[in-house]
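The block underneath contains the structure these notes are about, expressed in structure tokens.
Below, chains carry the letters A, B, ... as their sequence lines are ordered, and counting in each starts from 1.
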Amino acid sequence: MTLFPKPQSLEKARSLQEALRNRVVLEGSLEGVRRLAALDAAHKKGGPLVAVAVLYDLEKGPLFVGRGRVEEAELFPYVPGFLSFREAPAYLEALRALPEAPEVLLVDGQGIAHPRGLGIASHLGVHLDLPSLGVAKSLLYGRPEAPLPQEAGSAVRLLSPEGRPLGYVYRSRTGTRPLYVSPGHRVGLEEALAFVRRLPTRYRLPEPLRLAHLEATRARVEAWSTGSPGS
DNA sequence: GCGACAG
DNA sequence: ATCTTGTCGC
């Protein structure tokens with residue numbers, strides 16, 4: 001259940017996504033949730049992909065940082081729509097390093113707002129049977145239902161080509177580009193947005209994800225001076 | 001054939 | 001994701 005074998009072809013990967021999409025549960029509230037794990041990764045050509053899982057308590061703030069790394073030679077290539085096969089292995093390692101299991105996963109990427117309904121947040125959620133949601137910095141699939149207002153906190157639904165709601169385009173701060181929020185697993189559409197709205201947000205990204213990003217970038221530099229060619 | 005395309 | 005200089009603005 002924790003294994004995440006690297007697909008030997010895109011066709012196999014696609015089949016797995018189409019099989020797992022049927023396991024995604026699009027209902028659930030995150031009302032009383034306090035502890036989450038924010039996931040982000042960094043990578044520099046020639047070095048390993050480093051992943052970070054920040055265990056974050058909504059009342060106490062950051063509690064612990066788990067790290068994971070996958071050597072470049074072992075990485076699945078980056079192909080739009082198949083991000084989980086590249087980054088999830090490193091995320092699973094980072095999550096195993098945490099002192100306790102989080103109540104929900106906050107992932108840098110899409111949830112169900114994906115061509116086959118299984119973005120990295122959904123894939124991880126189903127794989128670990130944990131509630132999860134995705135917060136992406138750009139669009140992969142779907143279109144905004146209407147223009148997004150400039151006001152911070154505003155949101156408009158993200159619709160599939162057939163008109164099905166996939167998530168929300170969300171303005172976390174005025175003057176910044178929007179974020180794309182979609183449920184991953186065991187959480188509803190509105191509930192996913194409601195959860196993101198109650199995360200502390202000083203800049204564009206919710207604080208837990210921003211911290212994970214900063215830490216991943218820092219770890220990437222560290223990995224460079226330690227385990228790679230140069231020095 | 002053309003455009004789109006998480007990180 | 002990474003690369004990459006300057007530049008606009010609080």
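In DNA chain B, no stem built from three or more successive Watson-Crick or G-U pairs (distances below 3.5 Å) is found.
Within 4.0 Å of A:Leu49, counting heavy atoms only, lies no atom of the nucleic acid at all. Looking at heavy-atom distances under 4.0 Å, A:Phe82 makes contact with a base. Nucleic acid contact for A:His213: sugar-phosphate only, since backbone atoms but no base atoms lie under 4.0 Å from a heavy atom of the residue. Within 4.0 Å (heavy atoms only), A:Gly134 reaches no atom of the nucleic acid at all. Heavy atoms of A:Glu87 sit under 4.0 angstrom from primed sugar atoms or phosphate atoms, though from no base atom.
Counting only heavy atoms from C-beta outward, the side chains of A:Leu199 and A:Glu207 never approach each other to under 4.5 Å. The shortest distance between side-chain heavy atoms of A:Pro131 and A:Leu105 does not fall below 4.5 Å.
A tilted orientation is assigned to the rings of A:Phe4 and A:Phe85, their planes being inclined by 30° to 60°.
Under the 4.0 Å criterion applied to side-chain N and carboxylate O atoms, A:Arg67 and A:Glu93 are not assigned as salt-bridge partners. Ion pairing between a basic and an acidic side chain is recognised when a charged N comes within 4.0 Å of a carboxylate O; A:Arg171 and A:Glu151 show no such pairing. Between A:Arg210 and A:Asp40 there is no salt bridge, since none of the side-chain N atoms of the basic residue sits less than 4.0 Å from a carboxylate O of the acidic one.
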In B/S/- notation, 5' to 3', how is nucleotides 4-9 of chain C contacted by protein heavy atoms closer than 4.0 Å? ------
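Going from atom CZ of A:Phe195 over to atom OG of A:Ser29 covers 10.0 Å, rounded to the nearest 0.5 Å. For the atom pair CG of A:Leu189 and CG of A:Leu166, the computed distance is 8.0 Å after rounding to the nearest 0.5 Å.
Of the side-chain N and O atoms in A:Lys45, none sit less than 4.0 angstrom from OP1 or OP2 of C:dA1. Dashed line: the shortest gap from a side-chain N or O of A:His114 to OP1 or OP2 of B:dC5 is not under 4.0 Å. OP1 or OP2 of B:dG7 sits under 4.0 Å from a side-chain N or O of A:Ser138.
Taking a centre distance below 5.5 Å and an interplanar angle below 30 degrees as the stacking criterion, A:Tyr78 stacks against the six-membered base ring of B:dG7.
A:Gly109 approaches A:Ile120 most closely through the heavy-atom pair CA-CG2, 4.1 Å. Nearest heavy-atom pair across A:Leu158 and A:Pro144 is CD1-N, 3.8 Å.
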Would A:Glu72 and A:Lys45 satisfy salt bridge (Lys or Arg N to Asp or Glu O under 4.0 Å), going step by step from the backbone distance to the final call? CA-CA 8 Å; A:Glu72 192 169 54; A:Lys45 289 169 299 182; over 6 Å; no
Using Watson-Crick or G-U wobble pairs with both distances under 3.5 Å, give me DNA chain C in dot-bracket, 5' to 3', with [ ] for crossers and | for pairs to another strand. ..........
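Comparing B:dA6, C:dT2, B:dG7 by their nearest atom to the side chain of A:Ala42 picks out C:dT2. Closest to the side chain of A:Ile120, out of B:dG7, B:dC5, B:dA6, is B:dA6.
Protein atom OH of A:Tyr168 is 23 Å distant from nucleotide atom P of B:dA6, rounded to whole Å.
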